[in-house]
Structures are given as structure tokens and as C-alpha cells.
**Student:** 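My questions all concern the structure below.
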Amino acid sequence: MEYQPTIVSFLCNWCSYTGADLAGTSRTKYAPNIRIVRVMCSGRVDPTFVMKAFREGADGVLICGCHPGDCHYHEGNYKCLRRYHLIRKYIEQMGISPERLRLEWISASEGKQFAELADEMTADLLKLGPVNIKNVLEEV
Amino acid sequence: MSYRIDPEFRKELGKFGVGSEWSECYHCGNCTATCPLTEEKILFPRKGIRMIQMGLKEKISAYVEPWLCYYCGDCTKTCPRDANPGELMMALRRYLTSVYDWTGLSRKFYTSKSWEFGFILFFAALVVALFSVFLPLRPDAEQMVNASGGVMINSLIAGMSPSTFVSVIEWGDWIMAMIVAGLLISNILNMFHKIVLSDHSVRVPLRAYFIGFWKLTFNFLTQARFSKCDNRNYWAGHLLLMTGYSIMFAVIVVLLPEFQTEEVNPWYHWQRLLGYYATFGILYFLIITAIGRIRRSDINLRFSHSTDWLFIIMLGLTTITGILVHIFRISGLPAATYYTYVIHLAVLVPMILVEVPFSKWSHLAYRPFAIYFSELKKAGKPRTADIGLAPAIS
Amino acid sequence: MEEPRIGVYVCWCGTNISKTVDVEQVTAAVSKLPHVIIARNYKYMCSDPGQDLILKDIREHQLNRVVVSACSPRIHELTFRKVLVNAGLNPYLFEMANIREQVSWVHDDRDIATGKATSLVKAAIQRVAHHEPLEKRRVDIHPATLIIGGGITGLTAAMEIADSGNQVHLIEKSGRLGGMVSLLHQTHPHLTAGNELIQPLIDKAQPHPKVRVWLNSQIEEVTGYVGNFRARIRSGEEVEELDCGNIIVATGTKPFDPSQIPEYGYGMLPGVITSLEFEEMLRKGKIVTKDGESPCDIAIIHCVGSRNMEYHPYCSRVCCTTALKFANQIRAALPDAGIYQLYADMRSFGKGCEEFYMRTSRRGVIFMMFDQKGKLPVVKPNNTGGRGRLLISTRELLSGEEIEIPADLVILMVASEAREDARETAHLTGISLCGNQFFIEKHPKLDPVATTTDGVFIAGSCQGPKDIADSVSQARAAAARVLASILCGSVEVEVTTAVVNDKVCCGCQTCISVCPYHAIHFDEEKRVSEVNEILCKGCGTCGSACPTGAIHARHFTDDQILSQIEGLLSPITLKAMEMAMED
Amino acid sequence: MNDLVTTGLYFDHSMNGHPESIDLLELSRFAGNLGGVEWTEHSTVIPPADPKYFRDIFIRNRVEHLIVVGHTPGNLEPFFKKASEGTRLESGHISYISLPEWGLAGKRDTLLAKILIYESVTGQLPKGFRDADAPLMHEATLVIGGGIAGIQAALEIANSGHKVYLLERTGTIGGHMAMFDKTFPTLDCAACILTPKMVEAGQHPNIELLTYSELACLEGSSGNFRARILKKARRVDITRCIGCGVCAEKCPSKTYSEFDAGTTLRKAIYIPFPQAVPNKYLIDAEHCIYVQEGKCGVCAKVCPAECVILDDKDQEVVLEVGQIVVATGFNVFDATRMEALGYGKYPNVITSLEFERLVNASGPTGGAITFRHQDKKGNWIFQKDGPGPASIAIIHCVGSRDIHHRKYCSRVCCMYSLKMAHLIREKLPSAQVFEYYIDMRAFGKGYEEFYERIREEGVHMIRGKTATIEEKDGKLLLKTEDMLNDRMIVQEVDMVVLSVGLEPVTDALQLAGMLGITADDEGWFMQRSGNISPEGTLRGGIFLAGACQGPKDIPDTVAQASAAASGVIRQIATGRISLSMQDFAHEEIEQFLSSKSPIAEEQP
């Protein structure tokens, strides 16, 4: 079977999850490779979650939060942004291309943008090919 | 250079017959933008309102733009605060006429009815007196009918040959024309001084004086700028009036000996045809304007100053008495011809003396000169630096 | 924890889901998963028969966890939680898989959609196995309310609350009630006497049995949380402690001191006064210069201290209309005086105010525009003769000319600025300040009177300059919140809060630094962090920052999310499903 | 005051030129008949500067108490103070009554003004036309209008534990705010902050939504209202509709979408927008082929939930409520009335509301700013893709601050225009944006800072109102005086956005009549007091929230809505309603007032 990447996506409850819902209600088609996990705030995204996703075989991880300044909890998205840069460095050291992790801001009205993002990331991951997670784990 | 604002100026302007609606102007600029006659650097009426609100007298004296307005009324119709900018421009023209007039008479005429009526009555009486003393009706006037049954108009004076009478009238015409022209020209020079010379930011190249000159003549005769207004009827009316004036001036002053002859020319004679055209033009304009002013049908005729009415009445009387002279002449009624002729002059002379240099009529001269002066200023203004906006097209 | 017994329900949503997702196949694929007792599909799970189906199964099969795989939880999570409650289960033992908005409506390929839907349902099943029952908690509300500030805002709020039968403590720093409004001779735009508005309120408040007015008093300390605050109040030498359930901060503003602006010569030139000094003059009934003469020319300069980066960047909102009011009052008293307004933009925006501007301009008032951000007008003595003891020179923007304005009296429309003790008040009551030292509301659009601290409200111009009508609106808005909480008697607090496992906590205090609500404090005795569950809003940021995993974000625990990820990524190939079908 | 005090009344007409304004002559006549009144006068001009005339009158009539009544009578204070010098009239006994400040504006309010006058002449109102109260019979409250004001008021009241009926004329709550893209000055997405409130209102146990319904008639008295509600035939059973949308997919009839401000087409069976609350379909009878022609009915055939009721009828329900919050909002100004601006003539002259939809991610183009053109069927629609305009002009004050249209300031246009400028710069970074304004009214918290930010973003600010727009070779030419740069400009742009003002809903006066509240000559509802009770009305138990009282931005609307709720909650808590003048039948007032007139008493 042709390789299809799998993306685990963490969406904040207030903006991005609603945005993804909007993509649905407006019937905007996008790549089926994305699997959504709802969190209350992008600030809740623990590095362990990202590692777990890669460990379980995800080819990419997408974190979406409210636009800067829009966070329901004031600044959770900034906390996430800080952490995001660290996790990228970390996975790179583990041999996972940092491009496999993305952080994007999706508001509740950006259903279309969410769909485009899903397509774009799927296409990027197709180019990168699968993560050889076994090798990664062995090396570590 | 800074200007001291003058809160008293509004009172001064009020004397020239304008309400205070303009004080409600909140400077949205709609009037300037809606006007078909404004240009990139020719800004009115808003800018004028601003100067008036602040009472910047010097700036107003140098403000040429009111003369470039032909009062189509669009600004007043669309003004969001009903500040009546069109009428303000009209009042400003009256005010400026008085500013240009160095004799101070214009101001007296505009602001005092007794001065104006007194002046008119004095000259009317003078004409009547001159005729009754020096040019009385000859006793056998009833005989002065030529073969074709028309009155021999030059032979009606007791003790005076027809040719002498014509030259007396011709001399009178020329003297009056000279006085009036002298006053008018000196006022225009005054206007030139205030508008062009006092503006130190302007250096007019000599060439511009000549280039602009043809525009002056053209505009004087056609009032062509008027035609840019949305309502072309006003322009048509003014064109009729203006050509009528010019013809009358030509036949009565320049060509008087050919015009005022003992023979009554046949109806198709060029003189009579021209005369009929001119009479029609003036009469048509008068009737239309008078009806408009009474009905207040159009925005520009909604407010009438006393001088507006006086002008219409005087011109109307002149025209009617002129027509009567003509009718009595061809009907062979010498005495009636003589008396209406005297009345005709008794109306015409004061009218010309008041209106041409000091009042309503003068705007026909100021307007083309204003166009000329603004062309001069345009040629003499340093180009303004680009303000950084996307290019504006004018 | 008891053994999970999970019921799984896959919804067709008519054809909305079933058109793209093979519902039968999904049901079959998940039915064999561990802990799944029963898996069903139905046309409309949200319909009454659908809900009854779940209810019946819970009872019959002793289910203790439920997964519904249907539309977005944003739409029907509450509906199904209610079903669990009706069946006697804790509502949090429920999870929804969103296979409509996230699958059937966004994908076309039936096989792929079915596969993805199966993963989502599987993830939900794995997650729900780790769900814990959570209990809703409520905090009792003390019926008394503390209002700081005895101006029109504080008085209005006080009367609103007291008239409905609840105790109010009205704390006023100065010796009198009425604040700024009592200093106004008249108000815009109808020139109603300021006293006519404020005096009846004061007369009603002072003897009111439910209002205790504290003059010359100040708050020294506030402790506690929503519903249960305790405030220490100093009144002269005496100190008293009060209990209250809610706090309304209505401390207002103070006028800007224009002597900072050298151009205007305030304090140096005798004819230059502030708008408040002019109000006082109006109240006394005579407009006079310092020498007691009636001025011939009066100039009013707008935006003094406002809209200028050197002083305050913001607009003070009321000065334009106040200046128009002044023009009317001057014209009424001095029919022949020259009145000049130097303005930047005429902001007469309120109801009837544009009309007020129009009427004012009819009364011989000269309006001139200056650049409030650039070169300010300069006021200097008139040494050149002519009208006016003072001359104001400026560039008038609407004509482009440099002009001089004669004036015997110059009125400076001074900005409203935050009180000098704003920071202190904010600190005491647990609210924050914006860059201009005004108090920050919870949400600038939809929650202008609440703050990030529950039970503390702000009203009136302490939140930003405001006219009387807008202040009064905010006063009542704050009162509405307070009344609602008093009437309810208690307030519900977030259930999905964080909680610290003090056995694991290493006391590093990372969580404290990331919490936006200051809901975590450090227990010095136990050397561990502790979450105040009343202040916590459940964002979970602390949970992801905790290096030892000691903090749990309830309902979004690490276990729950990690197992959800596992479920999402467990290999469900078509083959596996086919095998499941065959079984 | 007792009978010994001789009173004089002066009625000032000088600020009150509107033909529909209160009849001061009538008031003057009425006052003249009151006991103790020795002198009344009314004038349409500001009194002459010389106060001697009045001084003589005061002395002659021995006036001890002077009452000055008018629109802005405070203007006359210095004058009468001077005139009263040396008379029995000490300055303390002069009172000024501004009628609009106390909620009176139109000719219809003349009778109520008489009460005010009676009260100030006699110093009391024995019947309590202003301060009586009545028991609150029903705790439930009716909120009319489901926009942000109505939602906010309803939530506040519901959160205090009391029943609310939220009445909405259209198929969903949300109002205008749901249509907006971003909100100024924080640029929050409007839907993100509004939809949670809508959902909360929709699911609140104390709130009963009555969408697609209108108030038909209000009976009863304050505290004991019977509101007859017209539930318009929705033709879809909302208890069964699952919002799947199959019906709309198959429906053959199309019309312009109200939610998208006419920029897109919707079906005759439709859901106003994806996040509508309730998220249920409805049939627009006007465009439904079945309703209009009796055939079709496709929706009913395809509906999987069998919830379409094609022959549904209007119903009337009666609600018993104690109090009412009016939050009916506003309409936007119809830009076709400004002919010179070419709206309706040139496709790329659009209104601000259309722009809000255009720029919105869920709007007609998915948020791309594109040109509008005419499609094959003649509908004006925005292109789905294609180049964006290179230059856009935004014109402020369209319909506002103009005595030929709406003389008031619409209060929100400046700020939303700045926001639009920002959104354009964000979406089309290379586009030139021009703002044509008169006075930039950035007055709220953070607004001036926002204005400064937009200026720094490179938006051209031009002080001058655009007078005319003409199309030439596909470009729009705007003629404006750029007065701060002392020149006239004719700017060529690709698109023009008209910042249209706010105006009262078309049936505002009718509603005011039904509710027994007052309204001004424009149609905005009048508050109990312009300063101290902007949310109250002259009828007990009826409150105003949001733009129906006058244009307002969102925070001010929300504050007022909460304030209205406070009034409701307070009266529920005390169980009594404070009545006001409008609670009494006009006949009753008339009878009372005439019985108190000495002249009427003398007559047999």
C-alpha cells in the first residue's frame, strides 16, 4: 500500500477546535491523515504528548492554538510557543526532523485555513517519508 | 506670517446680506468636492467659509475663488449641515466688490438702501433736468414724422439740429462710458493688486500675462466657465444676456450715429435684427430670473438680496422704455417718443453708473478677470512637493 | 478504580455520517476491544429514542463508561452527559468522538473515512477508560458588597444593590459623596444641573438602612476569594474588618495637571485655567478673569494631556462635549464674548451630542483645528495691542494658516487620568492595570465590568474615561453581576481544575510561574505547591510544565491524553477490520 | 410649594425647531390654568439680551417661583438670574426642566410633559404618576431581540436564577455581531467570542428561546404583562431537526443570504449560518416554491428526520411576564440613498456590512478580498478567486452627521473603518488604503492607540468627505477635498467601502407604541434619563439595552444590557415594580390633570 503519513493534532478547545468544526460545517474537504486531540489550551500540550505520538508511529504532530492575544487563558499559547521551540530541538537531536512538528494559530473562524494546513502538512510529510521510529528508539 | 482672527468680521459680512448658516459648517469638505468647478488648487467654498469663520480679512480680500463660482447650488443642496455655502459665495462676491471699490460707494450701495436709492434718484433727476433745461421738446414736434410715418428722433429738440443732438448724445455716451470704465478698470487694478501682487508666494512670469489674455477675452464674451456647471441653463441665460449687452453697447455707444438715424430702417435691416435679438436676450433672462426668484425654484435663487431685485427692476425698466421708444417711433408719435426717450435715459444712466462699477453688473467683468488672475497665480506658484499619497489626478 | 465497562454508540446522523462512514463496520471493529461491553449504532443518537437506548443499556449492562461517536462535543456533549446523570452515573465518565465535523463532512473516500472514524472511536474508548468521576463544587456568597468610591458610579451601584435588600459598604476616601459630578455646574448635552442628578442619590444613600457610608476611609487589606472576601478598612484612627461577597471598584479618575505642558503656561499666566476650575467658576455664577473683570474673549483648548505621546496617548472621551457645554454656558452668560474652540477631532458621539455640536456652532462659536500630536498652540501675553490679554498662536489645520487668537481667559480641557493610588487599589483587590494605569476588564468587548478575579468588578471611569451615562451603565452592570450571585447564594466553580499530588511534587514552583490566575501557591510547611481550586480555570498549562508529573489537569490528565494518542495511532488496517467483521 | 407661592413659567422653543417636537404652546396653556401660576410665556427665539422685560413681568406678577421648560433650558440660566435680580424671585427658586433629559422628545409626549410641569408647579403628584409602585406578579422576563444586547441581558437575568424568554425575529440569535469578522480594537474574532455566549444562552436552563417570533401585542400592566407572541411558521420542527442540511442541498429556490448581507445566495430552506442557535433549519416562505406555488416539497421528501412541516401555520402564544428588556438593535443605513456615491450602481462600491462578510473566513470568498461582478444569472457576487483590489477607499459618515439623512453620529463607524483598514492591509499587504473621514472619533478604551497603530501601518488618512464617486474604465474615481493638505484630489481606486451609519429598526415607532415607551424623532427609544438612567424607560418594568436606545459599540452595549438586567433582577428581588408616567392611561392622566386645574373646577 502506498505510504500515507499520520498526523496527530492537538487543538485548543476555544479557537482551533471550533475552527476545525467550522471546516466540517462548511464541508471543506481536507486530507484524512489528520487525527485530532482536544485540549483545553495549547498550553496544556506536554512534550510527553508529542513524544508519545511519535513513539506510537505518528509521522507528524500539529499543535494549534488561538492567535497571539486571543488566548482564552490570557497567555497559554505563548507558553506553548516557548515549549514548541524546545521540543523541536529535542526531536531533532533524536533524529526526527523538526519539520514534523508544527505550531499554528487557528481562530474559530478559520475553518478553511485549518483545512489548508492539514493538506499542506500532509503533502510535506509525504515528501519527508515515514519516520523510522525503530531506528530512533534504538539510537536513543 | 500669522493672521489675527477677528470675531467681528461676521457682523461686517452680515451687512452684505447673508444669514449665519455658514457658522454651522463643520468642514467636511463636501461642498468643495461636489463642485464641478474646483480644481486641485482652486478650493472653494469650504476654504472661504473657514476664512470667514475666523475673520481673516486680509486673506479674504486676496481670495479670488468666489468669482470662479457660478452658483449652481450643488454645494448647498448636498451640504450635510445646511450651511448654505452657495449663498455665502454670493455674499462674498458682494463683499469683494466693495473691497475692490476704492471710492467706498459700492459698500454704501450694498449696505444702505437710502444711499443706493438716493444716488439713482439723483442721477435720474439730473437727466430729466438736463433735458428739460437744455434739450426741451420742440413745440412743433408733431410734424417731425418722416415719409414712412416714423418719428424723426433727432429732430425733436427745440433749437438744435439733428446732427448736433446726435453728437450731444454720443458725447454723453462716451463720457459716461469713460467714467464707468475708469472706475471699473481702477477697481480691477485694485483687485489685481490684492489678489496677485499682495501674494508674495507668487512670482508671475511675464509670458503668463500674454498667454492668459485670450482666456480673459474669451471668457468675458462667453462666460464659458459657467458651462461646466451641471445645469447648463444658467450658462445659456447668461450667454444670451452677455451677447445682448455687447450688441447694445456696440450699437448705442460705438455706432450711435448709424443707429439713431432719422429714417426708420425696415424690419429686416441688420440693426433692427440685432436690436431685437439683444432685447429678446435681455428680456428673456430677466423674466426667467424674476420668476425664479419669486418662486425660489432653484437653490441659487432662493435668497434674494435687495440689490438683486433693484438690478432686475432697473434693467427691466430700461428695456421696457427702450421698447416703448421704438414702438412710439415707428408709430409716428413724436411727443411720446421724446418723453419715453427721456425716461429711458433717466433709468439707464443711473443704472449704468451704479451697477457697472459698483454693484451687480461688475461681476461680469470681475469673473473673467478672476479667471485671468487665477491663471497668473497658477503659473506663478511654485509646484507643491509630493505629499506622499498615491498620485492624484485632477 | 473499578473495572471499566464501556458502552459505545455510533451515530448515523441520518445520512450525514452514514453516507461517508460505514457505521456498521466501525461498530464491529470496536466491539471487540478490551472493556467494551456493548457497541451499537443508531440513526440519531441525540434523539429521544437514541438517548433512551443508552439509558437502558447503562442499566441493563451495568455500564460505567459511555462513548458516543457522533457530531462535535461542542454541540451535544452536554446532552449525553445529562443521559449519564439520569442513569445515575457521573457525567464526566463520558467521551465523544467527533466523526461528523472531523470525518464525514470533510472526507470523501468511504474506506479512508471509515478507518479514521474507527481510530477516533478507539481513541475515545481508550481515553474514557481513564476517566474519573468529578464533582461540581459551589462556593457560598456572602450577601454584603463592598463598593470602593462614592462618586456617581459607586452611588448608583450601591443604590441598585441596597434597594434590592442587600447590605452595601460604600467606602469613600474624601469627606463627601458625589465625586466629580457634584463638581459639575451642568451636564451635557441638555445642560441639566449636576446637583439635580447627584443630590437625590446622596440623599437616598445616606439614610438608607442597607447602605453604610464610610467617609474619609480607605481599604488597607483584602483577603479571601469570591463570595468570601474580608476587607480591613481604616477610618481615621479606627480600623474595622468587614466580610463581603463581592467588591465593586469605582474609584474614578483625577484631572491631569497641565503645568507639565510648557506651551500653555498654566500656573504662569493668570488667564489660563483648567476645565475644573472653570466649572467652579460656573457654579459660583460668574465668569471672570483673575482681576475680576468680565472676559471679552474666551478660548477653550481641547486634548490637554490627551492624545499626545508626551502625556497620555488615549482620548479622554468627555472633554469635547464638555467643551461644547462650556461654549453654551459662556454664550448664555456673555452674549457678546468671542468664544474660540481649539480642537483636534470633534468627538461628540453620544446620544444627542452631534446635535448639541450643531446647535453650539450656531451660537457664534469659532471652531479651529490644531495638531494635538505635533506642535501645540502657544499661549503668551499679548504685547502687540488689540483684543485679548493673551494671544494663542497656532497653525490652524483647516485653513493651513498660522493664526493668533486673542483671549482674556484660556480654558484647558484637561485629560482624565488614573488616580495616583490606582496601582495600590489594583494590588489590594487583585486586579491588573493597563499601560495607562486604568484597571483592566476581563474582556474588553463582552465583559467590561468583570475582572480576572472572580467577585471583583470595576465600573465607571477607573476602567477608562467615561461620561455620566456610560459610567452609570457600568455601575448597574456590575450591580447585576453582584445581585445575580447574591440571589443564587452560591457560585459554581470550575470542576476541571488542576490538582497537585503532594507525594510527587518536588517543590520546584515552576507551576506557580506559569499560572495566569495566581491560583497556585507554595505551602512552605509541606514544601509543595497547592492549587486553589476556586481560582483555577483549568487550562492545564501547569500540568504540562510540571517536571515530575505531580499536577493533574482534571479531565485532561496525562493518562487520559496519552491513552487517547495510543488509541488514535493503533494500527487499524482494513484487513484488521475485515477480520473483526468475520468474527 | 403651597398655594401662596406665585409661579411663572417660561417655555423656551429656541432649541426645539422640529415640527414633531413637544407642543410647548399647549404646555403653556395648560400651565396657565394651574393654581398659583400667574404668568406663562413661550417663545421660539432666545430672549433678547435685555432682561428688563422679564424683570418687569416678575415684579408685576409677583413671581416667586420660576420654571423654565424646553429642550436645553439650562442655556437661559444666566439670563434669568440677571432678570430676577431685585425681584421676589430669588435665584434659588428658578428651576429648569429639560424635556429630552427626562425621556420626552416628541409631540406624543406632550401629556407626559404636563405631568412634569404639574409636579414642579405644585411640588407633588398625589397620584404618584412618577413614583408609585406595583407588585411584581410574574418573575419571568421577556427579552426582545436576540443580538448581543439581548443575549447578555438574558444571561445576566438567567444566571440570577430567573426565567427569561428570549424573543428573536430571525431564525437564530446572534444579531449583527455574529456577522462581523473582527472586533475593534483588540481584533478578537467576533464569532469566537460570541458563539460561546450564543450556545450558553441556547442551553441555559432558565432561558427559553423563541426564535422566528415577534411581539404581536402587549397587554396588562407593569409587573403583570401578557405578551402575545407571533410564532411565525418555521415549517421545520426544531425538536426533530438534526441540522444535517440535506434539505437545503436539494432545495431548488435561491435567494440572497441575510446573514451574508446579500453577498451570497442561500436556499429557501436554510440555516442562517453554521453556528446558528438553535442550529435548526427554517423555510423562508417568501422564496419557497411550495408555499408560493403549491408544488415542490423536495425538502420534506429528502429530510431523514421527517421534520419538515410544509403546511405549518403561524401560531400565537401568550407569555405572562413581569418585566421586559427591549434590545431590538439597529438597521444599517441604506447606502442607495446617497446617490452620488454610486452604491447599487457600481458593483465595487460596497457597504461596510458587506465588507465584514467578504473579509470573514466563513464569508462568500473564504476571507479573500476580491472584486464583485455580475454572474450569468445577473446576481452581484464576489469572485471566488482572482486578484484582489490594489487600492481600497473607505468613506466615513455615510448617512450619518447629515441633516438630509441621519443627523446624529453613529458612534461606531470610525472605529470599524479603522479595523477594516487594518484587515485590508493584513490580507492584501501591498494594497493602498485610503480613509476619508471628517472627525476621527476614536474615543473608547484603547481606541486612540488603535488609530495611531493603523496610521503607522501606512493607511492614508484624508480629512474630507468624498462627495462623488464615478466609474471610469473599471476604476472608481473619488472626488474629495484633502483639506489638511490644502488640495482637491480625484483618487483612483479599485474598490470603495461605505461606512454606513446605524438607524433605528423600521418598525421602532410601532414597537414603542406597543410597549408604551417614548421614542425620539429619529426612532431611537428614549431612556428614563439621559444621564442617570440610560437603560430605564418611562414605563415601569421595561428596560432598554444596546443600540435600540441609540448607536453604541459592543462594550457599551454589553454594559447597558447588564444594567438593564440589574433593574430586572432588583425588582424581582424586591417583588415590586416602580411605575412611571407611561404606566397610566392617558385618559386617566388627562382627567386628573384637568380636575386639578382651577378653571376646570369653576366650570359646572
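Every chain is numbered from 1, with letters handed out A, B, ... down the list of sequences.
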**Student:** Side chains of C/V472 and D/N531, heavy atoms from C-beta outward: is any pair under 4.5 Å?
**Tutor:**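 Contact flag for C/V472/D/N531 side chains = no.
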**Student:** Angle class for the C/F349/D/F443 ring planes (parallel below 30°, perpendicular above 60°, tilted otherwise)?
**Tutor:**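 Geometry flag for D/F443 against C/F349: parallel rings.
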**Student:** Among C/C488, C/G464, C/S316, C/G285, who wins on heavy-atom pairs under 4.5 Å with chain D?
**Tutor:**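 That would be C/C488.
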**Student:** Is it the backbone or the side chain of C/T192 that comes under 4.5 Å from a heavy atom of chain D, or both, or neither?
**Tutor:**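 Side chain only.
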**Student:** For the interface with chain D, which of C/K286, C/K43, C/E355 has the highest count of heavy-atom pairs at distances below 4.5 Å?
**Tutor:**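 Winner by heavy-atom pair count: C/E355.
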**Student:** Quick one: closest heavy-atom pair of C/L191 and D/T72, and the distance?
**Tutor:**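 Between these two residues, the closest heavy atoms are CG-CG2, 3.5 Å.
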**Student:** Please flag which part of C/N436 lies under 4.5 Å from any non-hydrogen atom of chain D: side chain, backbone, both or neither.
**Tutor:**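 Only the side chain of C/N436 comes within 4.5 Å of chain D.
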**Student:** Quick one: what part of D/I157 sits under 4.5 Å from any heavy atom of chain C, side chain, backbone, both or neither?
**Tutor:**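 Contact with chain C involves no heavy atom of D/I157 at all.
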**Student:** Which pair of heavy atoms, one from C/P448 and one from D/V558, lies closest together, and at what distance?
**Tutor:**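 Nearest heavy atoms, C/P448 then D/V558: CD-CG1, 3.6 Å.
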**Student:** For each of D/D520, D/D486, D/L484, D/T239, tally heavy-atom pairs with chain C at distances under 4.5 Å, and name the one with the top tally.
**Tutor:**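 Of the options given, most contacts go to D/L484.
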**Student:** When you look at D/K407 and C/E354, which way does the salt bridge (charged side-chain N to carboxylate O under 4.0 Å, His left out) test go after all the steps?
**Tutor:** CA-CA 7 Å; D/K407 59 178 186 274; C/E354 179 66 20; over 6 Å; no
**Student:** Just wondering, more than 12 heavy atoms not from D/E306 lying within 6.0 Å of its CD?
**Tutor:**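 It does not: D/E306 CD has 12 such atoms or fewer within range.
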**Student:** Counting only heavy atoms not in C/K373, do more than 12 fall under 6.0 Å of its NZ?
**Tutor:**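 Yes, because the 6.0 Å sphere around NZ of C/K373 holds more than 12 heavy atoms from other groups.
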**Student:** Measure D/I572 against the heavy atoms of chain C and call it side chain, backbone, both or neither at under 4.5 Å.
**Tutor:**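 Neither part.
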**Student:** Tell me, side chain or backbone of D/Q549 under 4.5 Å from chain C's heavy atoms, or both, or neither?
**Tutor:**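 When you check distances to chain C, atoms from both the backbone and side chain of D/Q549 fall under 4.5 Å.
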**Student:** Between C/R481, C/H185, C/K466, C/M358, which residue shows the highest count of heavy-atom pairs closer than 4.5 Å to chain D?
**Tutor:**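 The answer is C/R481.
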**Student:** Can you see which heavy atom on C/D345 is nearest to which on D/I438, and at what distance?
**Tutor:**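 Closest approach of C/D345 to D/I438: OD1-O, 4.4 Å.
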**Student:** Between C/S473 and D/P534, what is the shortest heavy-atom contact and its length?
**Tutor:**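 What the structure gives for the nearest pair is OG-CG, 3.5 Å.
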**Student:** D/K552 versus chain C, heavy atoms under 4.5 Å apart: side chain, backbone, both or neither?
**Tutor:**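 Contact with chain C: none, neither part.
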**Student:** Check whether D/Q560 gets within reach of chain C through its side chain, its backbone, both or neither, counting any heavy atom under 4.5 Å.
**Tutor:**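 It is both, since atoms from each part get that close.
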**Student:** Does any heavy atom of chain D fall under 4.5 Å from the side chain of C/W105, the backbone, both, or neither of them?
**Tutor:**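 Contact with chain D involves the side chain of C/W105 alone.
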**Student:** Contact between D/E449 and C/Y314 at the side-chain level, heavy atoms closer than 4.5 Å - yes or no?
**Tutor:**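 Of all side-chain heavy-atom pairs linking C/Y314 with D/E449, at least one is under 4.5 Å.
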**Student:** Is there a donor-acceptor contact under 3.5 Å linking the side chains of C/S348 and D/R441?
**Tutor:**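 Yes, because at least one side-chain N or O of C/S348 sits under 3.5 Å from a partner of the opposite role on D/R441.
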**Student:** Is D/D553 close to chain C through its backbone or its side chain, or both, or neither, when contacts mean heavy atoms under 4.5 Å?
**Tutor:**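 Neither part.
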**Student:** Which residues satisfy the salt bridge (Lys or Arg N to Asp or Glu O under 4.0 Å) test with D/D439, sequence neighbours excluded?
**Tutor:**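 By the salt bridge (Lys or Arg N to Asp or Glu O under 4.0 Å) rule, D/D439 matches D/R401, D/R463.
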**Student:** Applying salt bridge (Lys or Arg N to Asp or Glu O under 4.0 Å), can you list everything that pairs with D/K445, at least two apart in sequence or on another chain?
**Tutor:**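 For D/K445, the residues satisfying salt bridge (Lys or Arg N to Asp or Glu O under 4.0 Å) (neighbours in sequence not counted) are C/E441.
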**Student:** Heavy-atom distance under 4.5 Å to chain C: side chain of D/Y451, backbone, both or neither?
**Tutor:**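 D/Y451 touches chain C through side-chain heavy atoms alone.
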**Student:** Please tell me if the side chains of D/M177 and C/L446 come closer than 4.5 Å, counting only heavy atoms from C-beta onward.
**Tutor:**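 SC-SC contact between D/M177 and C/L446 confirmed.
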**Student:** Checking heavy atoms, do the side chain of C/L397, its backbone, both or neither come under 4.5 Å from chain D?
**Tutor:**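 For C/L397, heavy atoms of backbone and side chain both lie under 4.5 Å from chain D.
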**Student:** Counting only non-hydrogen atoms closer than 4.5 Å, does C/H188 touch chain D with its backbone (N, CA, C, O), its side chain (CB onward), both, or neither?
**Tutor:**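 For C/H188, the contact with chain D is made by the backbone alone.
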**Student:** When you compare the side chains of D/N75 and C/R363, does any donor N or O come within less than 3.5 Å of an acceptor on the partner?
**Tutor:**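 Yes.
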**Student:** Does either side chain, that of D/D556 or that of C/Q474, offer a donor lying less than 3.5 Å from an acceptor on the other one?
**Tutor:**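 Per modelled atom types, D/D556 and C/Q474 side chains form no pair under 3.5 Å.
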**Student:** Is there a salt bridge (charged side-chain N to carboxylate O under 4.0 Å, His left out) between C/R317 and D/E448 once you walk through the steps?
**Tutor:** CA-CA 10 Å; C/R317 193 160 163 150; D/E448 179 70 20; over 6 Å; no
**Student:** Quick one: closest heavy-atom pair of C/A480 and D/S562, and the distance?
**Tutor:**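 Scanning both residues completely, I find the closest heavy atoms to be CB-O, 3.2 Å.
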**Student:** Is it the case that D/S566 and C/E160 place a side-chain donor and acceptor less than 3.5 Å from each other?
**Tutor:**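 Their side chains do contain a donor-acceptor pair, which is all the 3.5 Å distance test asks for.
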**Student:** What part of D/Y96 gets closer than 4.5 Å to chain C, counting heavy atoms only: side chain, backbone, both or neither?
**Tutor:**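 Backbone of D/Y96 only, per the 4.5 Å heavy-atom cut-off to chain C.
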**Student:** Could you look at D/S533 and say if it's the side chain, the backbone, both or neither that has a heavy atom under 4.5 Å from chain C?
**Tutor:**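 Interface part for D/S533: both.
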**Student:** Does the pair D/T574 and C/D163 meet the rule for a side-chain contact (heavy atoms from CB on, under 4.5 Å), with working shown?
**Tutor:** CA-CA 8 Å; D/T574 55; C/D163 275 349; 5.5 Å; no
**Student:** Considering all heavy atoms of both residues, which atom of C/L487 and which atom of D/A573 are nearest to each other, and what is their separation?
**Tutor:**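 Closest approach of C/L487 to D/A573, heavy atoms only: CD2-CB, 4.2 Å.
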**Student:** With no hydrogens and no angle check, do the side chains of C/Q186 and D/E77 hold a donor and an acceptor under 3.5 Å apart?
**Tutor:**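 C/Q186 vs D/E77: donor-acceptor pair found between side chains.
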**Student:** Set out, in order, the CA-CA distance, both residues' side-chain angles and the distance that settles side-chain contact (heavy atoms from CB on, under 4.5 Å) for D/E535 and C/R476, then state yes or no.
**Tutor:** CA-CA 9 Å; D/E535 81 294 337; C/R476 296 214 171 93; 2.8 Å; yes
**Student:** Less than 4.5 Å apart, side chain to side chain, heavy atoms only: is that true for D/W102 and C/H190?
**Tutor:**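 In short, these two side chains do not touch, never coming nearer than 4.5 Å.
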